[in-house]
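See structure below.
For the numbers below, each heavy atom of this structure counts, side chains included, while hydrogens, waters and symmetry mates do not. Residues take their numbers from the sequence shown, with the count starting at 1. Counting starts at 1 for both ligands and their atoms, following the listed order.
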Amino acid sequence: MSQHYDVIVLGGGPAGLTAGIYLGRARIKTLIVDSGSLGGQMIMTYSVANYPGIRQASGRDIAMTMKAQAKEFGCDLLSNVEIRRIHLAGPDKTVEIEDEGTFTAPAVVIATGGVPRTLGLPSEAAFKGRGISYCATCDGDFFTGKHVVAIGGGNSAIEESVALAKYAASVTVVHELDHFQAHPFAVEEARSNPKLRFLMEQDIREFVGGETLEKVVVSHKRTGEVTEIPASGAFIFIGYVPNTAVLRGQVALNDRGEILTDEAMRTDVPGVFAAGDSRVKRYRQITTAVADGTIAALSATEYLRNEAQPAVATKEALRKAADPSAPPAAQRV
Ligand SMILES: Cc1cc2nc3c(=O)[nH]c(=O)nc-3n(C[C@H](O)[C@H](O)[C@H](O)COP(=O)(O)OP(=O)(O)OC[C@H]3O[C@@H](n4cnc5c(N)ncnc54)[C@H](O)[C@@H]3O)c2cc1C
């Protein structure tokens, strides 16, 4: 037997919990399902100092408060479950969960977030949170006056390296290619910053240290020359993987697997909304996830009210809204 809700929210990070808070408060029967721990990436964040209204708190504390709010407003919460199947087409969306059964709803908010791309080195995992970070905005401040390494050569790597230089004594940018893929203006700004130096055509061999990171070992791709870079911090900016594999073929994604939405967080499927890091966007922060969750909840509320005339974003409109300069690659992949 299936259980029916007005809205199912997939993912219980800041985007999903915020959507739940708004939906619950509007007396909309809501289920929040998380395949992992409720709280999302916030759980991994030791200290959050850029969430307005809270001077400083652990990500876990903020997550637990959001979870309590969603619960108080009447949301049902399911976490650490195995999702067997998601079916988004048609008026009745279905989510099948191992050992829990089948859940249906006319509207779904996808807030499955994502994870930073990793190098995959064992020493990277060992120093994660002890010197290795994937977010300059979040952790740059902790390296004030220290020497750090930034890995990557795209726009976010270069922009984040410049941002890191505001705190760090020096930033060594290490890239695998002999040129940066970032926009020339960004590269020019980085090159003119006296705190930045650049090591090109490098493989990352190893992260070395004791309790915390002490150095990054790299080797030149062509000559094999090994360089040890003393560093208390290493920031890895080599991309981002959205948690959308399970949605492939059901909702329009771009070629990076990010969900296309318009400003109202509508996808190309009637009744399906997306919020937070899983969708196409430039800045991935708790504040932006929370904003998306709010908008998705309000749009879902409006959709439920006007379900006879469901408004849905067209693929072309989604593509333009997501990135006006993007190639016409908006397709279901
Ligand atoms: C180390 C680190 C530090 C950070 N520090 C800060 C900071 O200081 N300030 C700041 O503003 N931002 C920070 N960020 C970024 C911020 O945490 C994210 O932008 C934000 O959490 C994104 O929220 P979200 O709800 O979209 O996704 P997430 O937080 O990624 O949550 C998504 C949730 O969905 C679940 N999920 C995944 N797949 C499925 C599925 N198929 N079905 C159901 N559930 C699923 C996941 O288990 C997860 O709980 C940091 C990120 C990291 C990694």
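A salt bridge is defined here as a Lys NZ or Arg NE, NH1 or NH2 lying under 4.0 Å from an Asp or Glu carboxylate O, and R85 with E96 meets this definition. A salt bridge does not link K67 with E72: none of the charged nitrogens is closer than 4.0 Å to a carboxylate oxygen. A salt bridge does not link R279 to E258: none of the charged side-chain nitrogens sits closer than 4.0 Å to a carboxylate oxygen.
The protein heavy atom nearest to atom 25 (O) of ligand 1 is A15 N, 2.9 Å. Protein heavy atom in closest approach to atom 40 (C) of ligand 1: T112 CG2, 3.5 Å. Nearest to atom 2 (C) of ligand 1 among the protein's heavy atoms is T45 OG1, 3.8 Å. The protein heavy-atom contact nearest to atom 42 (N) of ligand 1 is I83 CD1, 3.1 Å. What sits closest to atom 41 (N) of ligand 1 on the protein, heavy atoms only, is V246 CG1, 3.7 Å. Looking from atom 49 (O) of ligand 1 to the surrounding protein, the closest heavy atom is D34 OD2, 2.6 Å. Among all protein heavy atoms, the one lying closest to atom 15 (C) of ligand 1 is R284 O, 3.9 Å. In terms of protein heavy-atom proximity, atom 30 (O) of ligand 1 is closest to Q41 NE2, 2.8 Å.
The backbone N or O of N243 sits less than 3.5 Å from a side-chain atom of T112, completing a donor-acceptor pair. Looking at T288, its side chain does come within 3.5 Å of a backbone N or O of Y283 through a donor-acceptor pair.
Figure legend: R191 and F198 shown as a cation-pi pair, the cationic atom lying under 6.0 angstrom from the six-membered ring centre and within 45 degrees of its axis.
The contact set between ligand 1 and G40, taken as ligand atoms under 4.0 Å from a residue heavy atom, comprises 29 (O), 31 (O), 48 (C), 49 (O). Numbered from 1 in the order shown, with element, the atoms of ligand 1 that lie under 4.0 Å from a heavy atom of G114 read 30 (O). Every atom of ligand 1 with a heavy atom of A111 under 4.0 Å away is listed here by number and element: 32 (C), 33 (C), 34 (O). With ligand atoms numbered from 1 in the order given, ligand 1 contributes 26 (O) to contacts under 4.0 Å with heavy atoms of G276.
A heavy-atom distance below 4.5 Å is found between the side chains of F207 and L121. Side chains of V95 and I83 form a contact here, defined as non-hydrogen atoms less than 4.5 Å apart. Using a 4.5 Å cut-off on side-chain heavy atoms (C-beta onward), N193 and E189 make no contact.
When A245, S79, C138, G113 are ranked by how near their heavy atoms come to atom 13 (C) of ligand 1, first place goes to C138. Between the choices S35, P116, P14, G13, the shortest heavy-atom distance to atom 21 (O) of ligand 1 belongs to P14.
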Please determine whether ring-ring contact (aromatic ring centres under 6.0 Å, His included) holds for the pair F235 and F143, giving the CA-CA distance in whole Å, both sets of side-chain angles, and the decisive distance to 0.1 Å. CA-CA 11 Å; F235 286 78; F143 295 90; 5.4 Å; yes
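By the criterion of a heavy-atom distance under 4.0 Å, neither the backbone nor the side chain of D292 is placed next to ligand 1. Residue S37 touches ligand 1 through its backbone alone, judged by heavy-atom distances below 4.0 Å.
Considering backbone and side-chain N/O atoms, N50 comes within less than 3.5 Å of an N/O atom of ligand 1. Considering backbone and side-chain atoms together, D277 places an N or O closer than 3.5 Å to an N or O of ligand 1. Residue I286 places at least one N or O, backbone or side chain, under 3.5 Å from an N or O of ligand 1.
Paired with Y5 under the rule side-chain hydrogen bond (donor to acceptor under 3.5 Å, both in side chains), one option of D76, T30, T104 passes, and it is D76.
Here NZ of K71 is found 11.0 Å from CD1 of I32. Values are rounded to the nearest 0.5 Å.
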